Novice: 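Encoded as structure tokens, here's the structure I'll be asking about.
Note on naming: letters A, B, ... go to the chains in the order of the sequence lines (proteins, then strands), and numbering restarts at 1 for each one. Since the model is a prediction, treat every value here as computed from it, not as a measurement.
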Amino acid sequence: MADGARILVVDDEPQIRRLLKVSLEAHDYRIVEAGSGQEGIRLAALEKPDLIVLDLGLPDLDGQDVIKRIREWSPTPIVVLSVRADESDKVAALDAGADDYVTKPFGTAELLARIRAALRHTVHAVAGAPVFISGDLQVDLEKRLVSVKGEPVRLSPKEYELLRLLVQHAGKVLTHQFILRQVWGAAHEHDVQYLRVFARQLRQKIEADSARPQLLLTEPGVGYRLIG
Amino acid sequence: MPDNRSDRDSRPSPDALLQAAAQEKRGRLNVFLGAAPGVGKTYAMLEAAHLRQRDGIDVVVGVVETHGREETAFLLRGLEQLPLRRVEYRDKVFNELDLEAVLRRRPQLVLVDELAHSNVPGSLHDKRYQDIEDIRAAGIDVYTALNIQHLESLNDVVAQITRVKVRETIPDAVLVQADAIELIDLSPEDLIRRLKEGKVYLPEQAARAVHHFFAPGNLTALRELALRKAADQVDSQMLSHMQSHAISGPWPTRDRIMACISASPLMPRLVRNARRLAARRHASWIALYVETPAHDRLSDAEKTQINRALTLAEEFGAEVVTVAAANVPAEIIAQARQRNVTEIVVARSHRSRLVNRLRGTLTDRLVEAGEGISIHVVTGAAAQESWLGVMRARLEGIRWRGLLPTGVISLLALGVVKLASPWLPDSSIPLLILIAVLLCALRHGYAAAIFSSVLAVLGYNFLFLPPLYTFTITNPENIYTFFVFLGVALVASNLAARIRAQAEAARVREARTASLYAFSRMVTGAASEDDILWAVVHHVAALSKAQSLVLIPDAGGQLAIRAAYPPEDHIDEKAKGAADWAWDRGEPAGRGTGTLPSSDWLFLPLRTAERKLGALGVRFPDDAPPLGPDERRLLDALAGQAALAIERTILNKDIEEARVSAETEKLRSALLSSISHDLRTPLSAIIGAASSLMNFGDRIEAKGRDDLLVTVRDEAERLNRFVGNLLDMTRIEAGAMQPKLDWVDPEDLVATAVKRAAPLTTGHTVEIDLQPDLPLLRVDYVLIEQVIINLLDNAAKYSGTGAAIRLRLRQLDNRLELQVTDRGVGIPVTELDQVFDMFYRVRAGDRQVAGTGLGLSICRSILKAHGGDIRAESPVADGKGTRMIVTLPLEQQPVIPEEKVIHG
């Protein structure tokens, strides 16, 4: 929990900004507001916030462009707000450099969880925590040991790679393409079927009830997320 | 022009009223009428024009012939003259009236000299009076000048008087439509004086007969003609006024005139006479042609003569009747009695005197039989038919081809009979030969009849009459036999040939009628516009043995070829112009008409009382004779039928469109009422709860406040779902439902869908039953997830609280089947299919369950887009429950490379 972190909110709707200001300040975040894409970029450079909440549906600039521009000179985590049924937009935003997304209308709890997850990674970006724990799952990245409820679990190489990637970005959504590129290589960027099969296999090994996963969640049309 | 006669006395005749109405919008026509050239019509016209101009009227000169006369040229000064149109024809340049310029200029009054002028070929219209029609139709007044000898009906009378046949004639109808006729009268003496002074312009032909033309007696006769014509005009104007105001005048006349058309060269005169007679008696008249079996034997020239006469009669306002009969006088009298004819006009017989002696003339027979009917005989200096001429004409019509087989058969028959003669009785031999003759006549016609008769008889002489094998006859009795045989052969074969001719004619007529009938049936039965158009061009082409096409205006309002037989997609400019004219004006144009007659094509308008539909074009081969009035009437009938049929398809289409738009309206109002209700309900809950909290939240206990807040959130989410449904529906309706297919794990689908639907299924348990190792699906994740969510939502809505919802997923061959089962109220058997319709909601008792009724129909649309399907089963058990069954096609599974498991 990064108290006192500065968050830049970029949204043209004043009522959304008001809502976010109230909710985020209640969690001890400090808020800077921008009402347009241009202003957002300017303030991002000026204020150097710890996280940016960016609405994709800005009037003056395309959300993708804002992300690209910011990413040219800043690794600040970006959480985008987008409307449902724009999966391709979400994927594009994530590929352009956003860290996570929240679908409008959203519950603030969800947004806060995403913000927390995104902030965590900046803190731990350089030095990764050696042991990852989430629910019954324990993953020791150094020793390459995986256990559920204390019982060791045997994973195939690809399954492990997949899990490792997810652990390294725990809490954040990863696009299909990103995962495939990292685990299987750029040539298999579009072989979503690999992911499906391996995700299922992984779930069967680490989830209590693979039909109701608690750890490895599918983000429909976008990718996967490991809760942690 | 049809006579404006009504049989009832005191009702305004509709034709007269129509005419009166039409007159009002058109420009007025003033005709300056003169008895002879040189009376000063043009001069008077120009004087009148100046007067009008002084009154402030916008006057323009279209075309005025001064013929070099200074006084006339002088009067032209001060009037605006429109430039003439230069037309090149046959290496000569002509100056014609520029119709376009006049219409563009739009003066109030235009001067157009020489009403009877014929335009140079290549002009839009044949005759100047047609140009004037156009000008009048545009609301522009016209002054024009005319010599009396140019009137059609007076043409021959004037020719008789002046010995000069004037070629440029105009139909009387044109003059009748004039609003005013000014008679420019000059006494013969004055006119002759002017001639001597060189102030008279004569047409070329007149120059040759100038002395005769300008003899005082002639001029007086012409003058009288002109005066009488002007008087007639006044008379008929008075009548027309009386008719349109229903003033009952003396209509004593129930006269009816009938003119008998034949192949006589006196026909034009007869038609004009009949017309004058009818006009004078104020009676309607009929032109009758009796088509005998001999009709087909007439030469082309004679047939053309008859056709022309009938056309002329029709132009003059006669009712044209053609009947088929063998006995001409009897038929004429019969028709006359039937139609209450009081006077018959017939031409003096042109048959040769010999025939007349033998058979009696038509006139005699009519006089004999026609009691109570006056017979008028038109005589003329036409030559009598000469025997030689008839024979020559007949010879031209012989079918030479039939003679060879005839000869062969006859000789063969003779040979056979000769061989069989020892066994045959003598008396039967001529009869047997006669059979052969009859056969030839039956097969090959009149010429063959005569040929075979002669051949047979000569052969009979040669082979059977002693001395045998010579052409001489010794026995006087045999000479008698010889001639009798010849006579019998000729008569019998002639009869046989006549039978053949009649059968042939009947066959042709029957074929035509059958074709017309077939056309009728095909056209009334055809469903689509294209079918009808094809039927039309086929039939027209077959019936008239010509090329035919139909033009219909396209979306841009331009005529375009829609059907043609033989297929054609292009017509030349002239034809296009004629087609446009026919369509626009509703009058025939092209070959054989007064507009663009030099075109190959004849265009008939396709139109009904309601609307203009297009044009029907017919192109005859170059050598075909001009269309007779019967054939024209046939074509008109076809065009009329076709127009009605086309209109019918248009009306059908309109009805269909109206029905569709009514359906759409219904759906739209259902949507609107649904939206209104389903939007307002959650909104009122939200606004109510929020305002309660704001206004008196401190008075509500904590739990109550929490409840209200939960309400706000839940109802807002419901609203969100509803909006989502509407958006999905809109996308589906707009055809924008494009599934993004990708590999998907069905377990995944179920898991996320169940999670997402959790707020909807609170209070219910969702049991998930998944077959292990389900194959991957290739679908749009979001859409199929939506289907499952919708089904869970439905199941929860219609089940009682606490009831379980079962979700089952299994593979069946090459399909994946998902079942969502609930234990709710179920769906009535009759509505199992209807639940998937838009806005359909099952009534659950008196409880109207909330929900848009869109969920299931969205499911169906999504599944259809994936090649899948959904159906409902109800009841499931104990008379309750519903099971929704979704099937999705399975594709060939992708290959996943195997890998070895190493300890992790």
Novice: Could you check whether atom CG of N695(B) has more than 12 heavy atoms from other residues, nucleotides or ligands sitting under 6.0 Å from it?
Specialist: yes

Novice: With chain A, which of L770(B), L727(B), V744(B) has the greatest number of heavy-atom pairs at distances under 4.5 Å?
Specialist: V744(B)

Novice: At under 4.5 Å between heavy atoms, what parts of residues 15-23 of chain A are in contact with chain B? List them by residue number.
Specialist: none

Novice: From R203(A) CZ over to E747(B) CD, what is the distance, rounded to the nearest 0.5 angstrom?
Specialist: 8.0 Å

Novice: Testing the basics here: between P775(B) and R200(A), what is the closest heavy-atom pair and its distance to 0.1 Å?
Specialist: O-NH2, 4.4 Å

Novice: A quick test of your reading: do over 12 heavy atoms of other residues, nucleotides or ligands sit less than 6.0 Å from CZ of R860(B)?
Specialist: yes

Novice: Can you tell which part of V754(B) gets under 4.5 Å to a heavy atom of chain A, answering side chain, backbone, both or neither?
Specialist: side chain

Novice: Counting N and O atoms only, with roles assigned by atom type, does the side chain of R196(A) sit under 3.5 Å from a partner on the main chain of L776(B), one being a donor and the other an acceptor?
Specialist: no

Novice: For V895(B), which atoms come within 4.5 Å of any heavy atom of chain A: side chain, backbone, both, or neither?
Specialist: backbone

Novice: What residues, two or more places apart in sequence or in another chain, satisfy side chain to side chain donor-acceptor pair (under 3.5 Å) together with D12(A)?
Specialist: none

Novice: Would you mind checking which part of L774(B) comes under 4.5 Å of any heavy atom in chain A, side chain (CB onward), backbone (N, CA, C, O), both or neither?
Specialist: both

Novice: If you count heavy-atom pairs within less than 4.5 Å of chain A, which of N720(B), D748(B), T752(B) leads?
Specialist: D748(B)

Novice: Looking at every heavy atom in both A751(B) and A211(A), which two are closest together, and how far apart are they?
Specialist: CB-O, 3.2 Å

Novice: Report the distance from atom CZ of R212(A) to atom CD1 of I768(B), rounding to the nearest 0.5 Å.
Specialist: 4.0 Å

Novice: Tell me whether the count of non-hydrogen atoms from other residues, nucleotides or ligands lying under 6.0 Å of CZ in R181(A) goes above 12.
Specialist: yes

Novice: So for L217(A), is it side chain, backbone, both, or neither that comes closer than 4.5 Å to the heavy atoms of chain B?
Specialist: side chain

Novice: Hey, are the side chains of P105(A) and R713(B) touching, using non-hydrogen atoms and a 4.5 Å cut-off?
Specialist: no

